[in-house]
A.B. asks: 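Here it is, the structure, as structure tokens.
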Protein chains: 2
Amino acid sequence: MSRDFDLKRYLPYLLNRSGTRIADSFSVNLRNSYGITLQMWRVMAAVHHQDGQRVGELSGTTSIEISTLSRLLTTMEARGLVERRRPSRQPGADARVVTINLTKDGHSLTEAIIPLALQYEEIALDGLSEQEVATLKHLLDRLFENMAALDEEDAQKLAS
Amino acid sequence: MSRDFDLKRYLPYLLNRSGTRIADSFSVNLRNSYGITLQMWRVMAAVHHQDGQRVGELSGTTSIEISTLSRLLTTMEARGLVERRRPSRQPGADARVVTINLTKDGHSLTEAIIPLALQYEEIALDGLSEQEVATLKHLLDRLFENMAALDEEDAQKLAS
DNA sequence: AGCATTTATTTGCATTTGCAAATAGATTGC
DNA sequence: GCAATCTATTTGCAAATGCAAATAAATGCT
């Protein structure tokens with residue numbers, strides 16, 4: 001190990017390992033208890049949060065790559081969890097878009113899982129004060145914003 | 001969206017999206033600039049941090065599933081980045097184990113990438129005070145510990 | 001209106017992943 | 001000292017992933 005790089009204090013490392021541990025634990029529980037994958041849960045939680053998102057938006061909120069997501073939606077549709085809708089040609093509607101909604105079953109499954117999800121959050125946050133939790137969430141938001149800003153800069157460069 | 005579950009304040013969500021954004025950006029850069037994948041970087045950084053880790057340990061420090069890692073090591077070995085060693089039968093040595101070392105090339109490639117890695121960390125942390133950075137890293141550590149504790153409890157249950 | 005361009009989603013194909021089974025090698029008990 | 005058991009790593013196989021190309025549907029230009 002070298003002086004100039006301390007892995008144990010390297011943010012992406014810390015972020016990745018805490019994120020994957022929570023995800024892995026929850027993932028196993030989801031599979032055993034509800035027979036769904038973590039990615040499916042992410043889609044359901046995102047659509048539950050905002051119904052009728054288009055596929056591209058949903059890719060953004062779930063962090064699932066868009067082609068992967070498209071296929072995942074196909075299996076979720078087949079399982080009766082979500083619906084794809086092509087907005088009918090209305091004034092101002094865009095029929096290139098496909099919007100995603102939870103089915104009735106999808107909705108109740110999501111509601112059933114939420115308590116478990118919150119339980120995992122609690123476990124992860126065990127022993128932190130309310131203040132610390134608020135700070136942590138705030139800072140994670142900030143990281144995301146910083147990375148989004150970088151992507152926009154790159155987009156600028158490509159456009160110029 | 002419902003009152004009892006606010007996705008935008010849900011820790012696993014915040015953790016996942018900031019983690020994947022950083023990972024994705026860095027990943028593209030690694031591929032373009034050095035022709036390696038993010039997972040390869042993770043292995044190199046981990047072995048750089050501590051040389052001669054066994055495969056199982058390395059799986060823990062990189063958060064890469066062990067069979068995936070085994071195959072990744074094969075391609076990295078073929079590329080001359082790392083070496084596998086089976087410890088010779090010594091008093092107290094365990095020859096079931098395979099230890100991983102960076103080759104000379106692997107080491108210098110790692111050293112070459114470190115500045116870029118630190119740059120991404122800086123971008124992510126842009127605008128945060130030293131105090132905030134320290135707090136964030138501390139709290140992320142704590143999350144990891146909490147999840148590790150959970151895994152141990154589960155292991156207990158399985159044993160009982 | 002008709003053709004070229006842009007945007008949204010899906011699909012083809014090769015690679016990566018993950019679980020479970022197989023292998024390789026220690027260790028324990030008899 | 002050898003059979004049974006345990007642990008570390010690798011491999012078989014099916015599923016998931018990601019890039020790039022293809023399709024579908026708008027919009028813009030003339």
Side-chain angles (χ1 to χ4, degrees), chain A residues 16 20 23-28 30-32 35-43 52-79 82-100 155 158-159, chain B residues 16 20 23-28 30-32 35-43 52-79 82-100 155 158-159:
Chain A
N16 179 247
T20 59
D24 286 354
S25 290
F26 187 42
S27 184
V28 169
L30 279 177
R31 184 152 48 86
N32 293 340
I36 66 164
T37 66
L38 180 63
Q39 300 288 63
M40 290 179 185
W41 154 253
R42 285 179 174 151
V43 169
Q53 286 181 73
R54 41 169 83 179
V55 178
E57 276 179 301
L58 200 51
S59 168
T61 75
T62 57
S63 306
I64 300 173
E65 200 275 337
I66 196 165
S67 68
T68 303
L69 178 59
S70 176
R71 271 179 279 243
L72 178 57
L73 289 170
T74 303
T75 71
M76 291 179 74
E77 208 175 12
R79 284 226 215 165
V82 298
E83 278 174 2
R84 272 190 246 238
R85 279 183 209 156
R86 185 83 75 167
S88 50
R89 325 171 156 271
Q90 300 271 322
D94 185 341
R96 286 171 303 181
V97 142
V98 171
T99 61
I100 308 299
L158 286 175
Chain B
N16 180 246
T20 60
D24 286 353
S25 291
F26 187 42
S27 183
V28 169
L30 279 178
R31 184 152 48 87
N32 293 339
I36 66 163
T37 65
L38 180 64
Q39 300 287 62
M40 289 178 185
W41 153 254
R42 284 179 174 151
V43 169
Q53 285 181 75
R54 41 170 83 178
V55 177
E57 274 179 302
L58 200 51
S59 168
T61 76
T62 57
S63 305
I64 300 172
E65 199 274 337
I66 196 165
S67 68
T68 304
L69 177 59
S70 175
R71 273 180 278 244
L72 179 57
L73 289 171
T74 303
T75 72
M76 292 180 74
E77 207 176 13
R79 285 226 216 163
V82 298
E83 279 172 2
R84 273 191 244 237
R85 278 184 210 154
R86 186 83 75 165
S88 51
R89 330 172 153 267
Q90 299 271 324
D94 185 340
R96 286 172 304 180
V97 143
V98 172
T99 62
I100 308 299
L158 286 176

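Just so we're clear, the structure is a prediction, and the values are computed from it rather than from any experiment. Proteins come first, then strands; the chains are lettered A, B, ... in the order of their sequence lines, and each starts at number 1. What's counted below: heavy atoms across the whole structure, side chains too, no hydrogens, waters or symmetry copies.
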A.B. asks: What's the CD1-C1' distance between B/Ile64 and C/dC19, to the nearest Å?
C.D. replies: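 After rounding, the gap between these two atoms is 17 Å.
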A.B. asks: Do the side chains of A/Ser59 and A/Ile64 get nearer than 4.5 Å, heavy atoms only?
C.D. replies: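 No - every pair of side-chain heavy atoms lies 4.5 Å or more apart.
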A.B. asks: Nearest to the side chain of A/Ile66, heavy atoms from C-beta on, is which of C/dT17, D/dG18, C/dT9?
C.D. replies: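 Looking only at heavy atoms from C-beta outward on A/Ile66, the closest nucleotide is C/dT9.
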A.B. asks: What's the verdict on side chain to side chain donor-acceptor pair (under 3.5 Å) for B/Arg84 and B/Thr74, showing C-alpha distance, side-chain angles and the deciding distance?
C.D. replies: CA-CA 9 Å; B/Arg84 273 191 244 237; B/Thr74 303; 2.5 Å; yes
A.B. asks: Measure from the side chain of B/Val98, starting at C-beta and using heavy atoms only, and say which of D/dA26, D/dT17, D/dT9 lies closest.
C.D. replies: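 Within the option list, the nearest is D/dT9.
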A.B. asks: In this structure, how many angstroms lie between the C1' atom of C/dG18 and the CZ atom of B/Arg71, rounded?
C.D. replies: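 The distance from CZ of B/Arg71 to C1' of C/dG18 comes to 8 Å, rounded to the nearest Å.
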A.B. asks: Please determine, for the side chain of A/Arg96, which listed nucleotide (D/dT17, C/dT6, C/dC19) has the closest atom?
C.D. replies: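 Given the options D/dT17, C/dT6, C/dC19, the side chain of A/Arg96 is closest to C/dT6.
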A.B. asks: Please tell me which of the listed nucleotides, D/dT10, D/dA26, C/dG12, lies nearest to the side chain of B/Val55?
C.D. replies: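 Between D/dT10, D/dA26, C/dG12, the one nearest the side chain of B/Val55 would be D/dT10.
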A.B. asks: For A/Glu65 and C/dT15, give me the distance from atom CD to atom P, rounded to whole Å.
C.D. replies: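 It is 17 Å, rounded to the nearest whole Å.
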A.B. asks: Where the side chain of A/Asp94 is defined as all heavy atoms beyond and including C-beta, which of D/dT9, D/dA26, C/dT11 is the nearest nucleotide?
C.D. replies: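 Of the candidates, D/dA26 comes closest.
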A.B. asks: Minimum heavy-atom separation for A/Ala23 and A/Leu38, please, with both atom names.
C.D. replies: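 Looks like CB-CD2, 3.7 Å.
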A.B. asks: Under 3.5 Å, is there any donor-acceptor pair linking the side chain of B/Arg31 to the base of D/dG18?
C.D. replies: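 No such pair is found, so the answer is no.
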A.B. asks: For a quick check, tell me whether the side chain of B/Arg54 and the base of C/dG25 share a donor-acceptor pair closer than 3.5 Å.
C.D. replies: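 Flag unset: no donor-acceptor pair detected.
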A.B. asks: Is there a side-chain polar atom (N or O) of A/Thr68 under 4.0 Å from OP1 or OP2 of D/dA16?
C.D. replies: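 Answer is no, no contact under 4.0 Å.
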A.B. asks: Look at the side chain of A/Arg86 and decide which nucleotide, out of D/dA25, C/dA8, C/dG25, has an atom nearest to it.
C.D. replies: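 Out of D/dA25, C/dA8, C/dG25, the nucleotide with an atom closest to A/Arg86's side chain is D/dA25.
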A.B. asks: Taking the side chain of B/Ser70 as its heavy atoms from C-beta onward, which of C/dT17, D/dT10, C/dT11 lies nearest to it?
C.D. replies: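 Closest nucleotide among those given: D/dT10.
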A.B. asks: Can you check whether A/Arg84 has a side-chain N or O nearer than 4.0 Å to OP1 or OP2 of C/dT10?
C.D. replies: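 Affirmative; the distance criterion is met.
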A.B. asks: Find the distance B/Glu57:CD to D/dA8:C1' and express it as a whole number of Å.
C.D. replies: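 Nearest whole value for this atom pair: 12 Å.
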A.B. asks: A/Gln39 CD to C/dG18 C1': how many Å, rounded?
C.D. replies: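 Going from A/Gln39 (CD) to C/dG18 (C1'), I get 14 Å.
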A.B. asks: For the pair A/Arg85 and A/Glu83, find out whether any cationic side-chain nitrogen is under 4.0 Å from an anionic carboxylate oxygen.
C.D. replies: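 Here A/Arg85 pairs with A/Glu83 in a salt bridge, since their nearest N and O are under 4.0 Å apart.
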